[in-house]
Undergrad: 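Sharing a structure below in structure tokens format, with a few things to ask.
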Protein chains: 2
Amino acid sequence: MNRSELDAVLAALAEPTRRQLLDLLAERGEASASALAQAVPVTRQAVVKHLTVLDGAGLVAGRRAGREVLYRARPERLEEAARRMSALAAAWETRLAAIKRIAES
Amino acid sequence: MNRSELDAVLAALAEPTRRQLLDLLAERGEASASALAQAVPVTRQAVVKHLTVLDGAGLVAGRRAGREVLYRARPERLEEAARRMSALAAAWETRLAAIKRIAES
DNA sequence: TCCTTGTGCAACCCCAGGGTTGCACAATGT
DNA sequence: ACATTGTGCAACCCTGGGGTTGCACAAGGA
């Protein structure tokens with residue numbers, strides 16, 4: 001996962017509706033856009049757009065099943081993004097600690 | 001850190017310019033809005049807005065020093081957000097695993 | 001005192017993107 | 001064959017928010 005992919009993940013997660021969709025998918029395992037639209041206060045088309053964004057970020061994957069497309073959540077990607085953020089935080093911490101040390105000497 | 005605070009963190013991090021500002025603060029330890037504006041392709045006012053958002057998310061803190069306001073990054077908050085995301089991913093994983101088990105039986 | 005420099009505030013521009021409607025097409029049930 | 005239901009696509013609306021300019025005020029330095 002490179003920098004621009006992390007960008008995509010963060011941007012995708014910044015939307016409340018999208019996080020709600022992810023929660024729904026985590027609950028149900030799999031669901032179609034139409035099914036999700038019934039559980040969310042927006043139209044199916046809006047849901048499709050969100051799923052497209054989530055797919056672009058790798059947070060969701062879809063597969064055709066007959067005439068419908070079933071989506072599932074991908075926790076691995078979320079976990080990966082979380083690890084990246086944690087690593088970044090750790091890097092900042094050491095850096096800031098070093099700056100503080102120098103300032104005090 | 002409650003749900004709406006996590007919302008704020010994610011929304012704040014969704015902006016490339018804001019992440020850049022965080023990186024700069026992590027590098028320098030402390031910096032004023034005007035100083036940051038010289039390292040970034042936007043005006044000081046835009047930087048101030050971003051810093052306000054970051055402050056609202058708890059990712060940054062400012063203190064007055066004479067006539068200028070110095071900001072510093074707060075890695076703890078980032079770390080906290082990362083942990084929350086990781087926990088969420090774990091919850092999804094167990095849930096999806098359970099669904100899969102049921103489906104196969 | 002005057003000049004410089006950093007803030008704060010307000011009005012404004014502009015567009016990305018979240019949301020909608022409308023319609024055409026595909027797959028399933030009866 | 002026909003009605004039903006789920007997708008896909010395109011045009012469109014509209015608000016949020018990133019960015020700007022302009023100006024007034026505060027705090028140091030000469």
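So that the names make sense, note that chain A is the first sequence line, chain B the second, and so on, each numbered from 1.
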Undergrad: Which residues satisfy the side chain to side chain donor-acceptor pair (under 3.5 Å) test with A:S4, sequence neighbours excluded?
TA: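 Partners of A:S4 by the side chain to side chain donor-acceptor pair (under 3.5 Å) criterion, ordered by chain and then number, come out as A:N2.
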
Undergrad: Name all residues meeting the side chain to side chain donor-acceptor pair (under 3.5 Å) criterion together with B:R95; count only those two or more places apart in sequence or in a different chain, and write none if there are none.
TA: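 Here no residue qualifies.
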
Undergrad: Test of understanding: with side chain to side chain donor-acceptor pair (under 3.5 Å), list the residues that count as partners of A:R18, not counting sequence neighbours.
TA: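 Listed in chain order: A:H50.
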
Undergrad: Tell me which residues in residues 9-47 of chain B lie within less than 4.0 Å of DNA chain C, going by non-hydrogen atoms.
TA: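 When residues 9-47 of chain B is checked for heavy atoms under 4.0 Å from DNA chain C, the hits, listed by number, are B:S32, B:A33, B:S34, B:R44, B:Q45.
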
Undergrad: Nearest whole Å is fine: how far is D:dG18 C1' from B:L54 CG?
TA: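 Rounding to the nearest Å, CG of B:L54 and C1' of D:dG18 are 13 Å apart.
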
Undergrad: Need two values: the first and the last nucleotide of DNA chain C, 5' to 3', having an atom under 4.0 Å from any heavy-atom of chain B.
TA: C:dT4 to C:dC9

Undergrad: Has B:H50 got a side-chain N or O lying under 4.0 Å from the OP1 or OP2 atom of D:dG17?
TA: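 Checking B:H50 against D:dG17: no side-chain N or O falls below 4.0 Å of OP1 or OP2.
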
Undergrad: Determine all donor-acceptor pairs shorter than 3.5 Å in which one atom belongs to a side chain in residues 64-72 of chain A; sequence neighbours excluded.
TA:
residue, atom, partner, partner atom, Å
A:R64, NE, A:G66, O, 3.4
A:R64, NH2, A:R67, O, 3.3

Undergrad: Counting only pairs under 3.5 Å, give me each side-chain donor-acceptor contact of residues 76-91 of chain B, with atom names and distances, residues two or more places apart or in other chains.
TA:
residue, atom, partner, partner atom, Å
B:E76, OE1, B:R74, NE, 3.4
B:E79, OE1, A:S86, OG, 3.0
B:E79, OE2, A:S86, OG, 3.3
B:E79, OE2, B:R83, NH1, 3.2
B:R84, NH1, B:M1, O, 2.3
B:S86, OG, A:E79, OE1, 3.0
B:S86, OG, A:E79, OE2, 3.3

Undergrad: Heavy-atom distance under 4.5 Å between the side chains of B:L13 and A:L13, does that happen here?
TA: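 In short, these two side chains do not touch, never coming nearer than 4.5 Å.
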
Undergrad: Under 4.0 Å, counting only non-hydrogen atoms across every strand here, what does B:V69 touch: a base, just sugar-phosphate, or nothing?
TA: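 Sugar-phosphate only.
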
Undergrad: Quick one: salt bridge (charged side-chain N to carboxylate O under 4.0 Å, His left out) partners of A:R101, sequence neighbours excluded?
TA: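 Salt bridge (charged side-chain N to carboxylate O under 4.0 Å, His left out) list for A:R101, sorted by chain: empty.
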
Undergrad: Sequence neighbours left out, what passes side chain to side chain donor-acceptor pair (under 3.5 Å) with A:D55? Give chain and number order.
TA: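 Applying side chain to side chain donor-acceptor pair (under 3.5 Å) to A:D55 gives none.
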
Undergrad: Could you check which residues of residues 57-68 of chain B get a heavy atom under 4.0 Å from DNA chain C? Sort them by number, please.
TA: B:R64, B:R67, B:E68

Undergrad: Let's test your reading of the model: under 3.5 Å, does the base of D:dG17 pair with the side chain of B:K49 as donor and acceptor?
TA: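 Looking at the base of D:dG17, it does not pair with any donor or acceptor on the side chain of B:K49 (distance under 3.5 Å).
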
Undergrad: For residues 32-48 of chain A, which side-chain N or O atoms pair as donor and acceptor with protein atoms under 3.5 Å away, sequence neighbours left out?
TA:
residue, atom, partner, partner atom, Å
A:S32, OG, A:A35, N, 3.1

Undergrad: Could you list all the salt bridge (Lys or Arg N to Asp or Glu O under 4.0 Å) pairs where at least one residue sits in residues 26-37 of chain A, not counting sequence neighbours?
TA: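 Listed by first then second residue: A:E30-A:R63.
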
